Protein chains: 2
Amino acid sequence: MDHVDRILAQWNRERPDLDVEPMGLLGRLARLRTHLAREIEKALAEHGLNSASFDVLATLRRSGPPYRLSPGDLIATTMVSSGTMTNRLDQLEKAGLIARSHNPDDRRSVIIALTPKGSALVDEAVTSHVANQHRLLENLSTDERAALDGLLRKFLGDFE
Amino acid sequence: MDHVDRILAQWNRERPDLDVEPMGLLGRLARLRTHLAREIEKALAEHGLNSASFDVLATLRRSGPPYRLSPGDLIATTMVSSGTMTNRLDQLEKAGLIARSHNPDDRRSVIIALTPKGSALVDEAVTSHVANQHRLLENLSTDERAALDGLLRKFLGDFE
DNA sequence: TGATTTTATCTTGACGTCAAGAGAATCTCT
DNA sequence: AGAGATTCTCTTGACGTCAAGATAAAATCA
């Protein structure tokens, strides 16, 4: 009988005409994600980052040398709008973690590159971020993680 | 080989020293939640609501007659800060969906009540919201839903 | 009773996000 | 070559959220 169960019980009493079973799964997913996001923000804050800025730096870092992508590339992998990405890049540029330059092959386009400072920071941040992720999953067994990951993969497949 | 798998493959190439396995599960959870949240916002928008305002109205509605709770009660169930709740209540009051009144037993406290208009709207909205939730889960079998819900319940238990 | 602490709500200021649209460059197709 | 469609990025304005602090009332306890 967790928090979500209590919500379902209330709906069953007040609106017995509704089959609210899916609300349990979706509610738990949403609440869980909120808790996890807060934990992750806390860990990244120790490096002066939030998950928004980290996502951009991490996408550049894992793309490999020369650590350059266009804003459009970054938008495609991060699920944010172009306005959001412009804002993120503005902040990161101001902080000296990325640099913008023109793309000589397409003058509409911009090249975003990790600066040495950005590269060093993201390497440090990702190490502790991954350690934090291990901690967040520590109470799930190997089998449980595999089962959960498999179900999430299938579910996510419905949307992308 | 989904989007998240590609991210993990990149990290394995660029940072083979890291065990990024947890990132798969957590990444899928985060992406899935983003997709689901967008679908849910779309459905609620048809009633002039967003998930923030719906959550408040729904919490009042399912609490049962007389459909009254304090802001503190609402904060406790919705995982938002007091500032956020004040803002939500301001919007809902302006829209005529809830009304504020003083609690005669504790003058620090406020009573938030669903207006008839708010009550009618949330009853309509929750019906289509639940139908939408059924749609979002339609590609998962009964067994898969039960397994996923069970794992999410256990995982969520680590945080609340 | 009176001083202190706690509780409940609201205010303020900053931040991240998005939708809509603008501006500039490239592509397509005749 | 030229016109129109498309692509890429940035700008603007609105919104939701939070942390920190203000305000007011109630509870605690000397």
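Proteins get letters first, then strands, A, B, ... in listed order; numbering begins at 1 in each. Keep in mind the model is a prediction, meaning the values are calculated, not measured.
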Exercise. Quick one: list whatever passes ring pair (Phe, Tyr, Trp, His ring centres under 6.0 Å) with F54(B), sequence neighbours left out.
Key: H129(B)

Practice problem: Name the residue closer to the 5' end of DNA chain C, choosing between G83(B) and N50(A) according to the nucleotide with the nearest heavy atom. | Solution: G83(B)

Practice problem: Sort and list the pairs that fulfil salt bridge (Lys or Arg N to Asp or Glu O under 4.0 Å) and have at least one residue in residues 65-90 of chain A, not counting sequence neighbours. | Solution: D90(A)-R100(A)

Exercise. Apply ring pair (Phe, Tyr, Trp, His ring centres under 6.0 Å) to H3(B) and list each qualifying residue two or more places apart in sequence or on a separate chain.
Key: none

Quiz item: Do you reckon L60(A) sits in the same ILVMFWY cluster as I111(A), going by side-chain contacts under 4.5 Å, direct or chained?
Solution: no

Quiz item: Over how many whole Å does the gap from M85(B) atom CE to dT11(C) atom C1' extend?
Solution: 16 Å

Quiz prompt | Those residues of residues 93-109 of chain B lying under 4.0 Å from DNA chain D by at least one heavy atom | solution = D106(B), R107(B), R108(B)

Quiz item: In the single-linkage hydrophobic clustering (I, L, V, M, F, W, Y; side-chain heavy atoms under 4.5 Å), do L18(B) and L8(B) co-cluster?
Solution: yes

Practice problem: Identify, between R38(A) and I75(A), the residue whose nearest nucleotide on DNA chain D lies closer to the 5' end. | Solution: I75(A)

Quiz item: Is the shortest distance from a Lys or Arg side-chain nitrogen in E41(B) or R38(B) to a carboxylate oxygen in the other one below 4.0 Å?
Solution: no

Self-check item: Heavy-atom pair with the smallest gap, counting every atom of R135(B) and N132(B)
Solution: NH2-OD1, 2.8 Å

Quiz item: With the 4.5 Å side-chain cut-off for hydrophobic clustering, are L156(A) and I7(B) part of the same group?
Solution: yes

Self-check item: Positional range of nucleotides in DNA chain D within the contact set of chain B, heavy-atom, under 4.0 Å
Solution: dG16(D) to dA26(D)

Quiz item: Residues from residues 52-72 of chain B sitting under 4.0 Å of DNA chain D, heavy atoms only?
Solution: A52(B)

Exercise. In plain terms, say whether K154(A) and D2(B) are close enough for a salt bridge, that is, a side-chain N and a carboxylate O under 4.0 Å apart.
Key: no

Quiz prompt | Same cluster (ILVMFWY, side-chain, under 4.5 Å), F159(A) and M79(A) | solution = no

